[in-house]
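Have a look at the structure below, then the notes.
Whatever order the structure lists them in is the order used to number ligands and atoms, beginning at 1. These numbers come from a predicted model, not from an experiment.
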Amino acid sequence: MTVLVTGGAGFIGANFIYYLLKNRPADRVICLDKLTYAGNLETLAAAEPLPNFKFVRADISNREEVYKIFEEYRPAVVVNFAAESHVDRSIEEPELFLKTNIIGTGILMDAARKFGAERYHQVSTDEVYGDLPLDRPDLFFTEETPIHTSSPYSASKASADLLVSAYIRTYQFPATISRCSNNYGPYHFPEKLIPLMIINALNDKKLPVYGAGANVRDWLYVEDHCAAIDLILRKGKVGEIYNIGGHNERTNLEVVKTILKILGKSEDLIEFVTDRKGHDLRYAIDPTKIKNELGWTPKTKFDDGIKKTVAWYLDNKSWWEKIISGEYKDYYAKMYGNR
Ligand code: NAD
Ligand code: DAU
């Protein structure tokens, strides 16, 4: 079976590609990625030599490029991770988020229909539900929670979800949607909270915590997210939405202090900075549906996952040092420049 993974040079997409190559060795995996600032081909270096893996550079919002790839590889399954994913960037420059996250999703679905893909999966986010109050720990996001977005990023992801639902209803398009909570783990781009804090702490730089650090996120180890998507592809029901999360809620300040403790660094490194505009207070997923219907449960608890993640960043300094220096951008030219 040929599986097309878009956004596979990014954090979760790359982890998913490694998950497939390990657990579904009979599948052929095609990675389609534009290699934006967030895409790093070096992340896929271990996959490159494998005969059942192929990387192609393309933009999901470019119809011609996408159709060409579908025509050549005829994927049976499409998993769309490709997105502009950073909330802070969406607040500064929303337009690219609309182009990639909404138009790109539409074009991918058109290609899937035109070239007969049997299955399409849209990787969405819990941010489409907006936020929950801090003083109501009894409330959680279920699949029935109304969409209520806060940032240009979450609005673009919610728009894409609506488009997928419209294709399902109008064209009987064989799609599923998953909405996951905050991921963490290897290959996480160092603009996001956890990798940024680990790297700043290692470099004895200040750790910028927005507001009072009281906002709550529901953390899931990336491999558990990958396992959930794999399960949805194999056992999930077409037309359904599945929430993914493991009840690992922490305030941002708790997360930052945990990282400092693991690294043996002083809490004096913490610096409270101006809050994010429209900052969502709390995310918390109710994963009952995917647990009951598909039998998914997360394997990694936050306290173990965060230790593993810190260890990964300690063991893979060259990966993130090249990102910080900008050197990782040369990798594509080196690998593909003369082909
Ligand atoms: P990321 O920013 O690390 O990676 C995104 C990847 O998409 C990059 O490789 C980038 O080059 C590629 N890309 C961007 N625009 C593209 C385009 N126009 N055409 C082709 N490729 C393009 O993101 P991530 O954190 O790995 O998130 C992956 C997906 O999962 C996103 O759809 C995101 O909304 C969703 N999600 C993320 C989280 C999280 O905590 N990170 C949680 C839930 C859902
Ligand atoms: O919930 C899923 C979402 O999680 C995904 O859809 C997004 O793609 C992903 O980026 C993530 O969004 P968040 O905004 O929650 O993640 P981020 O790492 O940017 O921020 C996590 C929390 O930490 C948030 O409350 C803002 C805060 N923060 C973030 C940064 C980068 C800080 O306090 N300081 C920082 O420097």
Taking N or O atoms only and a 3.5 Å limit, does [X] qualify as a polar contact for ligand 1?
X	answer
S61	no
D59	yes
F11	yes
L32	no
Y37	no
K34	yes
F81	yes
T125	no

What part of [X], side chain, backbone, both or neither, has a heavy atom within less than 4.0 angstrom of ligand 2?
X	value
K157	neither
L196	side chain
E127	side chain
N252	side chain

Are more than 12 heavy atoms, taken from residues, nucleotides or ligands other than [X], located less than 6.0 Å from that residue's [atom1] atom?
X	atom1	answer
E95	CD	no
K206	NZ	yes
E118	CD	no
E223	CD	no

Report task. Classify the angle between the aromatic ring planes of F97 and Y153 as parallel (below 30°), tilted (30 to 60°) or perpendicular (above 60°). Result -> perpendicular

**Report entry** Test item, V123 contacting ligand 1 (heavy atom, 4.0 angstrom)
**Finding:**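 Judged by the 4.0 Å heavy-atom criterion, V123 does count as contacting ligand 1.
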
Query raised in the report: Heavy-atom contact under 4.0 Å between A14 and ligand 1?
Result: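 For ligand 1, residue contact (heavy atoms, under 4.0 Å) with A14 is absent.
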
Tell me the contacting part of [X] for ligand 1: side chain, backbone, both, or neither, using a 4.0 Å heavy-atom threshold, strictly below.
X	result
K157	side chain
F16	neither
L35	backbone

**Report entry** Pairwise side-chain hydrogen bond (donor to acceptor under 3.5 Å, both in side chains) hits with a residue in residues 181-190, at least two apart
**Finding:** N183-H225

Query raised in the report: Between the side chains of Y18 and N23, is a donor N or O closer than 3.5 angstrom to an acceptor N or O?
Result: no

Within the structure, does [X] bring an N/O atom to less than 3.5 angstrom of an N/O atom in ligand 2?
X	answer
D126	yes
L193	yes
Y283	no
P208	yes
D280	no

Query raised in the report: Within 45° of the axis and under 6.0 Å from the centre of the six-membered ring of Y73, does NZ or CZ of R28 qualify?
Result: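 No cation-pi geometry.
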
Query raised in the report: Does K22 have any side-chain contact (heavy atoms from CB on, under 4.5 Å) partners at least two apart in sequence or in another chain, and if so, which?
Result: none

Query raised in the report: Given side chains that start at C-beta, do those of E72 and Y67 come closer than 4.5 Å, heavy atoms only?
Result: no

**Report entry** Heavy-atom side-chain contact between D230 and W296 under 4.5 Å
**Finding:**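 SC-SC contact between D230 and W296 ruled out.
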
Query - Pair I60-L32, side chain to side chain contact (heavy atoms under 4.5 Å, CB included): steps then yes or no - result: CA-CA 8 Å; I60 59 164; L32 182 168; 3.8 Å; yes

Query raised in the report: Just which atoms of ligand 1 are under 4.0 Å from any heavy atom in A9?
Result: 9 (O)

